[in-house]
Amino acid sequence: MKRLTKALIISLAAIMPSSVFAQTDDVLEMSIDDNIATPEMPRKARPYVVAAMDQLRRHMLKSKFAVESLRDGEVIEITIPCADLFAPGSVELKSDAAELLRPFGVVVREPQKYKMLVAVHTDDTGDDRYSDSISAARANAIDDCLWQIAGERDTNVIPYGIGKDEPRESNATRVGRAHNRRAEIFIIPDYGMLEMAGVKRRKND
């Protein structure tokens, strides 16, 4: 998905007790936490999904990103300092940002397999309106760059401008503020990967 902030057009799966799932096309507004948790992995799919995501995690580590595994290895979180992508106060990506983001090409070129959330955070400099505005604009700039990396085709990227609401460290120091200015990118296995894992899709009624 391209150029979306909080109006999220996504697919919510109803995971059945066996290895069958149904996919609907509802328009929903989901929090990042809810989006990270969706779709749920059926037990049959977990070994395949975890192995595939571990391979992707190792690919990202080669690019020297800060990478963490979530949901018992099913989801990857990558943190990039905003200083690596943007000049201070700017919402335009630096000239070398596309090269930095290029490793995500393996994800955005396969939108059926992966959903990606781009959550941009700020420090507490400026009021809420400023923080929300700059973080949303930066998230959209990253989304646009990923769209270009994908060959200007549809991607499954959902950008969020978080503002200053979720600091990782105290904003009382320069180092703390720098750490708080960050882009968190979550890569989540989507329905195409479930099908590759052998989970059959139930036809909608």
Side-chain angles (χ1 to χ4, degrees), residues 1-2 4-6 8-80 100-121 139 142-143 146-147 149-150 153-160 162 166 168 182-202 204:
M1 272 168 229
K2 185 174 176 291
L4 297 182
T5 53
K6 301 213 173 169
L8 306 178
I9 303 174
I10 64 173
S11 298
L12 179 63
I15 303 298
M16 307 305 290
S18 61
S19 56
V20 179
F21 71 90
Q23 183 175 345
T24 61
D25 294 319
D26 297 333
V27 177
L28 303 173
E29 288 191 1
M30 298 176 67
S31 69
I32 288 181
D33 287 343
D34 287 343
N35 229 329
I36 290 171
T38 306
E40 181 184 350
M41 291 295 113
R43 182 166 29 179
K44 176 181 178 180
R46 283 208 76 250
Y48 178 90
V49 170
V50 170
M53 297 306 287
D54 185 63
Q55 183 176 3
L56 182 59
R57 181 186 63 83
R58 287 185 273 114
H59 166 74
M60 293 299 176
L61 282 170
K62 290 179 182 178
S63 299
K64 304 189 185 306
F65 290 126
V67 182
E68 296 182 41
S69 293
L70 307 177
R71 250 176 61 178
D72 295 326
E74 295 174 355
V75 173
I76 298 171
E77 177 185 0
I78 297 161
T79 302
I80 305 175
L100 179 66
L101 295 172
R102 197 161 300 282
F104 292 98
V106 297
V107 177
V108 294
R109 293 189 190 104
E110 297 193 86
Q112 297 81 18
K113 286 176 59 178
Y114 304 102
K115 174 173 61 175
M116 183 185 296
L117 313 182
V118 176
V120 176
H121 303 257
I142 294 170
D143 180 19
L146 293 171
W147 174 69
I149 290 171
R153 295 179 300 218
D154 288 342
T155 64
N156 205 1
V157 177
I158 304 169
Y160 287 87
I162 305 300
E166 299 179 10
R168 280 193 169 179
R182 68 197 188 276
E184 294 172 344
I185 299 177
F186 301 89
I187 303 173
I188 303 157
D190 215 345
Y191 301 109
M193 188 175 290
L194 283 175
E195 290 185 322
M196 293 177 69
V199 180
K200 296 179 182 179
R201 183 181 305 190
R202 180 169 65 88
N204 293 330

S.K.: On a heavy-atom basis, which atom in Arg109 and which in Ile149 lie closest, and how many Å separate them?
M.R.: NH2-O, 3.2 Å
S.K.: Can you see which heavy atom on Pro39 is nearest to which on Pro189, and at what distance?
M.R.: CD-O, 3.4 Å
S.K.: Can you confirm whether Met41 sits close enough to Leu194 that some side-chain heavy atom of one is under 4.5 Å from a side-chain heavy atom of the other?
M.R.: yes
S.K.: Is there a donor-acceptor contact under 3.5 Å from the side chain of Lys115 to the main chain of Ile158?
M.R.: no
S.K.: Checking Tyr114 against Met53 for the side chain to side chain contact (heavy atoms under 4.5 Å, CB included) test, could you report, in this order, the C-alpha distance in whole Å, the side-chain angles of both residues, the deciding distance, and whether it holds?
M.R.: CA-CA 10 Å; Tyr114 304 102; Met53 297 306 287; 3.9 Å; yes
S.K.: Determine whether Leu56 and Val106 make a side-chain contact, defined as any pair of heavy atoms from C-beta on separated by less than 4.5 Å.
M.R.: yes
S.K.: Tell me whether Arg182 contacts the main-chain N or O of Ala119 through its side chain, where contact means a donor paired with an acceptor under 3.5 Å.
M.R.: no
S.K.: Where the side chain of Arg57 meets the backbone of Val67, is there a donor-acceptor pair that is under 3.5 Å apart?
M.R.: no
S.K.: Among pairs that include at least one residue of residues 49-78, which meet ring-ring contact (aromatic ring centres under 6.0 Å, His included), considering only residues two or more places apart or in two chains?
M.R.: Phe65-Phe104
S.K.: Within a strict 4.5 Å, meaning less than it, do heavy atoms of the Gln112 and Asn156 side chains meet?
M.R.: no
S.K.: In chain order, what residues pass the side chain to side chain contact (heavy atoms under 4.5 Å, CB included) check against Arg58, with sequence neighbours excluded?
M.R.: Asp54, Gln55
S.K.: Nearest 0.5 Å, what's the OG1-CZ distance between Thr79 and Arg168?
M.R.: 4.0 Å
S.K.: Is there a side-chain contact between Val107 and Leu146, using heavy atoms and a 4.5 Å cut-off?
M.R.: no
S.K.: Is there a side-chain contact between Trp147 and Val157 (heavy atoms, below 4.5 Å)?
M.R.: no
S.K.: Test Ile187 against Met60 for side chain to side chain contact (heavy atoms under 4.5 Å, CB included), laying out the working first.
M.R.: CA-CA 11 Å; Ile187 303 173; Met60 293 299 176; 4.1 Å; yes
S.K.: I'd like to know whether Ile142 forms a side chain to side chain contact (heavy atoms under 4.5 Å, CB included) with Ile80, so could you lay out the CA-CA distance, the side-chain angles of the two residues, the decisive distance to 0.1 Å, and finally the verdict.
M.R.: CA-CA 11 Å; Ile142 294 170; Ile80 305 175; over 6 Å; no
S.K.: So do the side chains of Asn35 and Tyr160 get within less than 4.5 Å of each other, counting heavy atoms only?
M.R.: yes
S.K.: Roughly how far, to the nearest 0.5 Å, is the CD1 atom of Ile36 from the CE atom of Met30?
M.R.: 10.0 Å
S.K.: If you measure from CD on Glu77 to CG on Leu117, what distance do you get to the nearest 0.5 Å?
M.R.: 10.0 Å
S.K.: Could you pull out the closest heavy-atom pair between Asp72 and Val50, with the gap in Å?
M.R.: O-CG2, 3.9 Å
